[in-house]
Protein chains: 2
Amino acid sequence: MPAPAAPIPIPARHGKAALVRRGQRIRVINTHGSQVVDTWALADPPPERERPELLSMAHTRSRNSKIYPGAGDVLFSDRRRPMLTWLEDTSPGRHDTLLPACSPAIYAEHGCAPGHRSCAQNLQEALAALGVARLPFTPDPLNLFMNIPIGRDGAVDRQPPLSRPGDHVLLRAEMDLVIAFSACPQDITPINGPGCTPMDAHFTIEDA
Amino acid sequence: MPAPAAPIPIPARHGKAALVRRGQRIRVINTHGSQVVDTWALADPPPERERPELLSMAHTRSRNSKIYPGAGDVLFSDRRRPMLTWLEDTSPGRHDTLLPACSPAIYAEHGCAPGHRSCAQNLQEALAALGVARLPFTPDPLNLFMNIPIGRDGAVDRQPPLSRPGDHVLLRAEMDLVIAFSACPQDITPINGPGCTPMDAHFTIEDA
């Protein structure tokens with residue numbers, strides 16, 4: 001059995017992407033407990049030139065007939081193919097599929113000066129560092145550890161994460177893919193905990 | 001006051017797109033009452049070459065802090081700009097933002113032979129008929145009249161529409177845009193009513 005790989009940092013307010021082969025497992029660790037990790041996956045290579053195949057929150061909701069995926073569920077691409085199987089979740093299991101990645105326009109709404117980092121920027125930077133072509137839009141992410149309760153009338157609430165330091169989720173790749181993460185830079189609202197301080201998270205890629 | 005324009009058909013199982021100028025109003029009529037109308041909007045022209053600006057269900061949920069938009073709400077683009085203001089809704093007000101457009105892959109899951117029409121195909125055909133470049137993916141639509149109740153645990157249900165023949169929604173364009181519709185071809189499940197028979201819908205573009 002090979003020694004476990006050293007965890008790869010997702011630096012606070014930044015992104016990181018990696019190649020994952022089918023069958024490998026991706027462990028996403030909420031190192032400090034309260035960090036939201038926006039997560040994307042792209043089939044590698046894309047099945048058609050200039051038409052990426054992407055992890056899709058809408059198709060994942062549709063195939064599982066639920067808003068909140070978790071351990072035991074399969075996550076699907078926009079072509080309805082299994083991309084990731086959710087194997088483990090040591091957190092209280094609240095993750096979000098409803099809200100978009102934060103973006104320069106959202107920080108402008110908050111009154112921030114231009115240049116505030118964002119998950120949308122982090123995705124593109126992480127892909128570029130891996131040599132993956134820029135996407136012409138920001139796919140809706142799986143927001144790991146993000147706590148978005150839904151009221152009975154469909155109201156969307158925003159709460160600090162329920163996760164604890166060291167909590168992890170474990171996903172198995174069902175195809176060769178690029179996985180991309182962003183340690184969400186949101187420091188205006190308490191979505192990353194009441195301290196409003198983005199922190200590092202980590203991940204490992206493990207052979208089966 | 002000009003005579004009202006004749007309603008434009010959205011033929012059953014097909015799509016239709018139209019140019020709309022800022023300030024114009026779009027009336028979407030559920031002619032037979034039980035037809036889901038998948039709806040998309042694209043800024044016209046796009047603000048950057050090869051980077052469309054699209055009506056975004058995730059940003060609309062985020063800005064309104066609710067899953068179900070309706071009369072009085074603004075619908076936002078993926079750049080967080082107001083695209084449409086929802087002025088009127090004579091239906092019981094259940095519309096969906098959670099599920100994707102139906103696609104060839106979904107009909108394959110249903111066991112249909114290849115070639116079953118889909119909202120994904122209808123979008124691209126409707127854009128092509130208007131001379132708008134093909135999108136490299138299918139944006140998640142606003143599913144007008146689609147009745148998707150959410151359980152307290154986040155379970156996604158699928159029910160026939162609550163709308164009645166002649167019910168309409170009225171939207172005001174907040175920018176110059178292309179609006180695209182699909183009269184959903186779903187005839188395997190009762191999402192278009194218990195008869196599982198897609199029907200025509202209609203729309204008008206009205207000056208303010």
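Here the structure is a predicted model, which is why all the values come from computation and not from measurement. Naming convention: chains lettered A, B, ... in sequence-line order (proteins, then strands); numbering from 1 in each chain.
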Legend entry - Toward chain B, the part of A/I150 with a non-hydrogen atom under 4.5 Å: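 For A/I150, the contact with chain B is made by the side chain alone.
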
Legend entry - Pairs of heavy atoms under 4.5 Å with chain B: top-ranked of A/L54, A/I67, A/L135: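 Max contact count across the listed options: A/I67.
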
Legend entry - Those residues that, when tested against B/F76, pass ring pair (Phe, Tyr, Trp, His ring centres under 6.0 Å) (two or more places apart):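 Once residues adjacent in sequence are excluded, B/F76 has no partner under the ring pair (Phe, Tyr, Trp, His ring centres under 6.0 Å) criterion.
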
Legend entry - Residue selection (most heavy-atom pairs with chain B, distance under 4.5 Å) from A/A108, A/G151, A/G154: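 Among the listed options, the one with the most contacts to chain B is A/G154.
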
Between chain A and chain B, which N and O donor-acceptor pairs fall under 3.5 Å? A table would be great.
unit_1	atom_1	unit_2	atom_2	d
A/R61	NE	B/L98	O	2.9
A/R61	NH2	B/L98	O	2.9
A/S62	O	B/R158	NH2	2.8
A/S62	OG	B/R158	NH2	3.3
A/R63	NE	B/E109	OE2	3.1
A/S65	O	B/V156	N	3.0
A/S65	OG	B/R158	NH1	2.8
A/I67	N	B/G154	O	2.8
A/R80	NE	B/E109	OE1	3.2
A/R80	NE	B/E109	OE2	2.7
A/R80	NH2	B/E109	OE1	3.3
A/L98	O	B/R61	NE	2.9
A/L98	O	B/R61	NH2	2.9
A/E109	OE1	B/R80	NE	3.2
A/E109	OE1	B/R80	NH2	3.3
A/E109	OE2	B/R63	NE	3.1
A/E109	OE2	B/R80	NE	2.7
A/G154	O	B/I67	N	2.8
A/V156	N	B/S65	O	2.9
A/R158	NH1	B/S65	OG	2.8
A/R158	NH2	B/S62	O	2.8
A/R158	NH2	B/S62	OG	3.3

Inset, instruction - Please state whether the side chain, the backbone, both or neither of B/A120 comes within less than 4.5 Å of a heavy atom of chain A. - result: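 Neither part.
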
Legend entry - Contact class of B/L99 relative to chain A, heavy atoms under 4.5 angstrom: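 For B/L99, the contact with chain A is made by backbone and side chain together.
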
Inset, instruction - Count the heavy-atom pairs under 4.5 Å between each of B/A155, B/A101, B/P100 and chain A, then report the option with the highest count. - result: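 Result: the option with the highest number of such pairs is B/P100.
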
